[in-house]
2 protein chains.
Amino acid sequence: MMVSTKGRYALTVMVDLARKGENGYVSLSDIAESENLSMKYLESIIAILNKGGMLKSLRGKNGGYMLARDPKDYTINEILLLTEGTLAPVNCIMQEGVQCEKAATCSTLPLWAGLDKVIENYLKGITLEDIIIGNRKKMLGEYCESCEPAE
Amino acid sequence: MMVSTKGRYALTVMVDLARKGENGYVSLSDIAESENLSMKYLESIIAILNKGGMLKSLRGKNGGYMLARDPKDYTINEILLLTEGTLAPVNCIMQEGVQCEKAATCSTLPLWAGLDKVIENYLKGITLEDIIIGNRKKMLGEYCESCEPAE
DNA sequence: CATATTCCTACCAAGAGAGTAGGATTTGTC
DNA sequence: GACAAATCCTACTCTCTTGGTAGGAATATG
């Protein structure tokens, strides 16, 4: 699995914050409750988002979290990349610059590189706002059945 | 990681068989040696390919494996799907028909479904033959720097 | 019959995934 | 100043997957 619960929950949190964010800081327990997820586990995931500069936080009573930017200024790629560490579909493509020692002669490498680019490209093209407004056409593209209603 | 060594090695085996396949059956030890992989581990991977109808096999002396079809008649998608079980990027999209119970109200589901389709689409568009002939344009698409040589 | 090969079952060690536990620190309110 | 509500921080644990290994049975060729 390329994206674990960590990345998935992180995205869920971001969506939740974007929806509730108008009225100031939202507490962890609030998020955990409305998404029905373990508060302790969410805590560790939010910590990653927070350290990565995705959120603003406030400690103490009435504290909580809110988005640091406008929803349209987050790509899904950066959210998942931060929480998952890498989104490469195979182990032989990890970070920029680092590559397998067989790379020069590996005939399957272009395939993995192409797959990686296709994934990255898709995730960079979708923003947090797209998810919130339910932009199915952008997310599902030609596979969206409800986008062009049957006559 | 979406594709483990199992899927990667399986693809390598298929490529190797396609290249050597003209002269009849190729033995496991032969493949393991030329790809420099553990023979015992490859054995378990080839067993999956063989049971899945991807290969023809012959036991006994001078036995071995060969492709069941022409390289151009294998998509990368089917090879990886067989060995990996699933290529879904997230756990909430597994098999056709089976879906998460929150699916109806999940705002992130269209994203995962779209990502899944993008991946599937890419892998269905590439054949074993494309890898063997090194069809970089098809694999790397717009990201292929060597496809349009600099003037 | 010897040898080279596939086939089959079982086992194992390390790491990742998915959380839990407990407490320290900070801030707002009474 | 005390208390409560919240974030922050470190460490631990359990289970499943990954990436193999071991040993031998069955089978075909010469």
Side-chain angles (χ1 to χ4, degrees), chain A residues 1-13 17 20 24-33 35-66 68 80 83-92 94, chain B residues 1-13 17 20 24-33 35-66 68 80 83-92 94:
Chain A
M1 216 58 48
M2 195 176 64
V3 179
S4 66
T5 56
K6 206 195 283 186
R8 254 166 56 218
Y9 291 179
L11 187 54
T12 301
V13 165
L17 284 177
K20 294 175 179 166
Y25 291 94
V26 181
S27 78
L28 175 59
S29 59
D30 191 345
I31 300 169
E33 190 174 11
E35 301 299 336
N36 199 30
L37 297 173
S38 150
M39 185 168 149
K40 273 297 184 185
Y41 189 34
L42 270 195
E43 193 184 318
S44 65
I45 292 166
I46 287 186
I48 300 172
L49 291 171
N50 197 23
K51 281 182 188 164
M54 299 274 170
L55 306 177
K56 284 189 290 187
S57 70
L58 184 66
R59 303 174 86 174
K61 197 160 181 177
N62 297 330
Y65 303 91
M66 61 189 298
L80 295 181
T83 45
E84 293 290 327
T86 175
L87 293 174
V90 289
N91 216 349
C92 51
M94 293 296 281
Chain B
M1 216 59 49
M2 198 176 64
V3 178
S4 65
T5 55
K6 205 195 282 185
R8 254 166 56 220
Y9 290 0
L11 188 53
T12 301
V13 165
L17 284 178
K20 296 177 180 166
Y25 290 94
V26 181
S27 78
L28 175 59
S29 59
D30 190 347
I31 300 169
E33 190 174 9
E35 301 299 336
N36 200 28
L37 297 172
S38 149
M39 184 167 149
K40 272 297 185 184
Y41 189 35
L42 270 196
E43 192 184 319
S44 65
I45 291 167
I46 286 187
I48 301 172
L49 291 170
N50 196 22
K51 281 182 188 163
M54 298 275 170
L55 305 177
K56 284 188 289 185
S57 70
L58 183 68
R59 302 173 90 174
K61 198 162 181 176
N62 297 330
Y65 304 91
M66 60 188 300
L80 295 180
T83 44
E84 293 290 325
T86 175
L87 292 175
V90 290
N91 215 349
C92 53
M94 292 297 280

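The chains referred to below are lettered A, B, ... by the order of the sequence lines, with proteins before strands, and numbering in each begins at 1.
- What separates OH of Tyr25(B) from P of dA28(D) is a distance of 11 Å, to the nearest Å.
- At the phosphate of dA5(D), neither OP1 nor OP2 sits under 4.0 Å from any side-chain N or O atom of Ser27(A).
- For dA5(D), neither phosphate oxygen OP1 nor OP2 lies less than 4.0 angstrom from any side-chain nitrogen or oxygen of Asn62(A).
- Summarising the geometry, the separation between CE on Met66(A) and P on dA6(D) is reported as 16 Å, rounded to the nearest angstrom.
- With rounding to the nearest 0.5 angstrom, the CG atom of Leu42(B) is 7.0 Å from the CD1 atom of Ile31(B).
- Contact annotation: Tyr41(B) side-chain N/O to dC12(C) OP1/OP2 distance is not under 4.0 Å.
- Distance from the side chain of Arg59(A) is smallest for dA24(C) among the nucleotides dT18(D), dT21(D), dA24(C).
- At dC7(C), one or more side-chain N or O atoms of Tyr65(B) fall inside 4.0 Å of OP1 or OP2 (strictly under the cut-off).
- One interatomic measurement links the two molecules: CG of Asn91(A) to C1' of dG15(C), which rounds to 12 Å at whole-angstrom precision.
- Atom CD1 of Ile31(B) and atom P of dT5(C) are 12 Å apart (whole Å).
- Taking for each of Arg8(A) and Lys61(A) the nucleotide of DNA chain C with the nearest heavy atom, the 5'-most of the two is the partner of Arg8(A).
- By the neighbour-count criterion of 12 heavy atoms within 6.0 Å, atom NZ of Lys20(B) is densely surrounded, having more than that number from other residues, nucleotides or ligands.
- Counting to the nearest Å, the C1' atom of dT20(C) and the CE atom of Met39(A) are 13 Å from each other.
- Scanning residues 42-58 of chain B for heavy-atom distances under 4.0 Å to DNA chain C yields Glu43(B), Asn50(B), Lys51(B), Ser57(B), Leu58(B).
- Atom CD of Glu43(B) sits about 14.0 Å away from atom CG of Leu37(B), to the nearest 0.5 Å.
- Two residues, Glu84(B) and Gly60(B), neighbour DNA chain D, and the one matched to the more 5' nucleotide by heavy-atom proximity is Glu84(B).
- No side-chain heavy atom of Leu11(A) sits less than 4.5 Å from a side-chain heavy atom of Val3(A).
- Between Thr5(B) and Tyr41(B), the closest side-chain pair of non-hydrogen atoms falls below 4.5 Å.
- Residue Lys40(B) places a side-chain atom within donor-acceptor reach of the base of dG23(D), judged by atom type and a 3.5 Å distance cut-off alone.
- For Ser38(A) and dT20(C), the shortest distance from a side-chain N or O to OP1 or OP2 is below 4.0 Å.
- A side-chain contact (heavy atoms from CB on, under 4.5 Å) with Met54(A) is found for one member of Leu49(A), Val13(A), Leu17(A) and no other, namely Leu49(A).
- For the pair Asn62(B) and Tyr25(B), the minimum side-chain heavy-atom distance is 4.5 Å or more.
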